[in-house]
Every structure is written in structure tokens, then in C-alpha cells.
Amino acid sequence: MILLQSYSRFLLQTLLNRVQSLDRAVELDYHWVEFDDLRYHVQVSMKNPHILLLSVSLPTPPPETIFFGGLPFGAIEAIKAAYGVIVQILDPPRDGFNLTLKLNLSKLPSDEDYKHSLLVKVASIREVVLGAPLRVILKHLASRTVAPDFDRLVALVHRPEESFFLVPKADKVTVVFPMRFKDSIDTVLATSFLQEFVEARRTAGLNNAPPCLWSPSPPMELKGAPENALSANAGFVSFVIFPRHVEGKKLDRTVWNLSTFHAYVNYHVKCSEGFMHTRMRRRVESLIQALDRAKPESEKSKKTTNVRSFKRLSLKDNSR
């Protein structure tokens, strides 16, 4: 299985290129979109070459999620804790975006390793912002407490107009994903993939992984959730997270893997579909080659003898 990287590769490369040529005045204006409809905009002006503006547009949240000022709960605190003095949050953000950050590249540390790790963290803005409420809940789980500012059932956005749900408790957090796919073939492949995903969890080598369940109908943990949020044509996947899964450095990995679980499944569904198409094309090509070999050799042209024809004449024809 391939896990998605937490940082945006294009954003990281843009930051590295800009830091390496900080003494040159270069104007940048980049727009791009990444999976789950996350949009980025990077700007650098000629007047202030050491200032970089990074704007981010998040997926459209469904009604059941909690947003404050266009951002998930705890996002502002998470940004300040992650980036410190090199980042300033602009209020209001640029038009069409949920967040605009002003990066002062001249304040980056001189140590190259620390500088690179900090730029990787900036390129992981998606994890910092969208994973902020999940991180708050899992931090309380590590200390075996429940976050006081959350309800019994918490909805977090991870795709446009789609959310996944958390049921926080002091000893565990249950995470439920309603799995939706637009294409009928993707739905069939995803259902099979998720069922095998659950079976793989039962192998001996994955005893320490979070328990995983799949069901075609909403589990009991989603009692009280909005009806429109319970429509899932590929079923529901549940993970049970225990304190051992969020200890120390495991917290960051758990936050990222849960935040991008649907994208992870969708990626492997598309890979499986592409693999099957490749196999089918190869099979068709081999069948065509077999048919070509089975054709009989062209028959040799037979020599035909010349045949003369005679026309019988009548007496009347002779008299003429």
C-alpha cells in the first residue's frame, strides 16, 4: 500500500527554489489544485522578494461541521504553534480563499536541516489546518481525557460537502467514514477493497493496528447524525483509536492518515482500475496474436487452361 505524503510537493519545491534565490527579485504568481479540491495560490512581488503570500482554499464544509471564521476549530492555534514568527495570518484573507499566510523568508533559521524541516512544515499546511480539530481530540486521548469543547459526535470536513465523524471518549476515539463514490465501477472496487482491508487487519503482523470494521449500513455510533450525511454507496468504515496509537511521534502520522483516508482509498481504487485495464489490453493483444498465427497460408494460385468457345451457326446465317 502507498501512503500519501503530508506535504504538497509543488509547494515545497516552490519554497525551496525561492529560498535558494532570495537575493534575486523574482515575481511569482502560481495557482494550482490538489486532491479533495484544496486550492493554493502563491504570490511574490518584485518590491518585497523576501515576502511570500500563501493563500489556501479548503473544501466546502457540510452543515454538520464546525467552522470558525472559515477555518476548522483550533486551526489558528495550530498555525501559530507550527510556524512561529516566520508566518503572519492576514485578516481578512484574499478573496476566494479561507486562509492567507504572509511568510517572511528572511527570518528562516540559518541551520540548513532546521530550515528544510520548517519549509516541509509550511508545505504541510493542509495537515496543520484540516487536521487541527482531530489533533486536539487525539491529544486529549493521549492523556486519557475528553476535549471539553466538543459534542458527543463530532463531524470534520475532509472532502467537498462531505464529512467523517468522531466519537471521543477518555479511553478511545471511534472514527467513522461514510464512503461515497460517483462512478459505479469505483463503488464496486472500493467496496471490495474495504472488505479486504478489514480482513487484512486480522493478520498476525497487524495486531497493534487500530481495529477496523466495515458495514453497509450506518453503525450505532452515528446515531443522531444528519440523515443526508449517512448516505454512502460504498458502506461505512470504522476505526477505533486507542492511546497507544497517538503516543509521541505517532500522533502526526495518525492525524494525517485519518484526514486523508478517503483519498487513500480513492487512489488505490484508481490504481486497481488502471491495472485491470492494462491486463485486459494485454490479454486482448495476446488473443489477436493467436488469431493471426491461426490464419491459413494463402492458397497458391492455380493455373487455368485456355478454353476456346465455338458458336454454332445456322443455315440462315450462312445465307447472309
Side-chain angles (χ1 to χ4, degrees), residues 1-4 35-36 59 61-66 130-131 133-134 137-138 141 146 150-246 253-273 276:
M1 296 295 180
I2 299 176
L3 297 177
L4 302 176
F35 61 92
D36 291 340
E64 63 270 12
T65 56
I66 303 175
L130 286 180
L134 179 60
I137 293 175
L138 295 183
L141 174 64
V146 179
F150 291 96
D151 298 329
R152 184 195 66 83
L153 183 64
V154 182
L156 303 181
V157 62
H158 65 140
R159 286 167 52 82
E161 298 291 349
E162 293 185 18
S163 58
F164 66 101
F165 297 89
L166 282 76
V167 182
K169 294 183 180 180
D171 58 341
K172 65 180 180 180
V173 173
T174 304
V175 187
V176 184
F177 292 89
M179 304 301 294
R180 306 178 183 91
F181 295 86
K182 295 181 180 180
D183 187 79
S184 59
I185 297 178
D186 290 353
T187 302
V188 174
L189 292 177
T191 302
S192 176
F193 177 86
L194 292 171
Q195 291 173 348
E196 292 295 330
F197 193 86
V198 174
E199 291 298 325
R201 165 59 181 82
R202 299 175 182 175
T203 58
L206 298 176
N207 289 333
N208 293 327
C212 178
L213 298 173
W214 178 87
S215 63
S217 57
M220 292 298 297
E221 288 82 1
L222 295 186
K223 184 178 180 181
E227 185 176 354
N228 59 343
L230 300 180
S231 60
N233 53 8
F236 297 80
V237 181
S238 302
F239 293 98
V240 182
I241 310 299
F242 293 103
R244 68 175 184 270
H245 299 132
V246 293
R253 184 175 59 184
T254 302
V255 169
W256 174 249
N257 290 341
L258 290 176
S259 300
T260 58
F261 177 71
H262 194 289
Y264 164 84
V265 174
N266 193 45
Y267 173 81
H268 284 86
V269 166
K270 293 299 183 183
C271 288
S272 301
E273 189 174 347
M276 287 187 288

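Just so it is clear, the model here is predicted, and its values are computed rather than measured.
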A.B. asks: Do the side chains of I66 and P133 get nearer than 4.5 Å, heavy atoms only?
C.D. replies: no
A.B. asks: Strictly distance-based, threshold 3.5 Å: is any side-chain N or O of H245 a donor or acceptor partner for the main-chain N or O of N208?
C.D. replies: yes
A.B. asks: Between R159 and P59 (side chain of the first, backbone of the second, donor and acceptor by atom type, cut-off under 3.5 Å), is there such a pair?
C.D. replies: no
A.B. asks: Quick one: side-chain hydrogen bond (donor to acceptor under 3.5 Å, both in side chains) partners of E199, sequence neighbours excluded?
C.D. replies: R202
A.B. asks: Would you say the side chains of E64 and S163 form a donor-acceptor pair under 3.5 Å?
C.D. replies: yes
A.B. asks: Of the non-hydrogen atoms in L230 and R180, which two are nearest, and what is the gap between them?
C.D. replies: N-NH2, 4.1 Å
A.B. asks: Considering all heavy atoms of both residues, which atom of L153 and which atom of G224 are nearest to each other, and what is their separation?
C.D. replies: CD2-C, 4.4 Å
A.B. asks: So does A234 get a backbone contact from the side chain of W214, meaning a donor-acceptor N/O pair under 3.5 Å?
C.D. replies: yes
A.B. asks: Centres of the H262 and F35 rings: under 6.0 Å?
C.D. replies: no
A.B. asks: To the closest 0.5 Å, what do you measure between NZ (K182) and CG (N266)?
C.D. replies: 10.5 Å
A.B. asks: Does the S192 side chain pair with the main chain of L189, one donor and one acceptor, at a distance under 3.5 Å?
C.D. replies: no
A.B. asks: Rounded to the nearest 0.5 Å, what separation is found between the CZ atom of F239 and the CG atom of N257?
C.D. replies: 9.0 Å
A.B. asks: Mind listing the closest non-hydrogen atom pair of S215 and S217 along with its distance?
C.D. replies: OG-O, 2.8 Å
A.B. asks: Just verifying a value: how many Å separate L258 CG and H158 NE2, rounded to the nearest 0.5 Å?
C.D. replies: 11.5 Å
A.B. asks: CG/L141 to CD1/I241 distance, rounded to the nearest 0.5 angstrom?
C.D. replies: 8.5 Å
A.B. asks: Kindly compute the distance separating CD (E273) from CG (D183), expressed to the nearest 0.5 Å.
C.D. replies: 6.5 Å
A.B. asks: Could you report the tightest heavy-atom contact between V198 and C212, atom names first, then the distance?
C.D. replies: CG1-O, 3.5 Å
A.B. asks: Just do the side chain to side chain contact (heavy atoms under 4.5 Å, CB included) check on M179 and F261 with the steps written out, would you?
C.D. replies: CA-CA 10 Å; M179 304 301 294; F261 177 71; 4.1 Å; yes
A.B. asks: Could you pull out the closest heavy-atom pair between F164 and V175, with the gap in Å?
C.D. replies: CD1-CG1, 3.7 Å
A.B. asks: Tell me whether the rings of F193 and H268 are parallel (<30°), tilted (30 to 60°) or perpendicular (>60°).
C.D. replies: parallel
A.B. asks: With sequence neighbours left out, what residues match F236 under ring pair (Phe, Tyr, Trp, His ring centres under 6.0 Å)?
C.D. replies: none
A.B. asks: Mind listing the closest non-hydrogen atom pair of P61 and T65 along with its distance?
C.D. replies: CB-OG1, 3.3 Å
A.B. asks: Could you tell me which residues satisfy side-chain hydrogen bond (donor to acceptor under 3.5 Å, both in side chains) with D186, sequence neighbours excluded, listed by chain and number?
C.D. replies: K270
A.B. asks: Enter the distance from D36:CG to L130:CG here, rounded to the nearest 0.5 Å.
C.D. replies: 8.5 Å
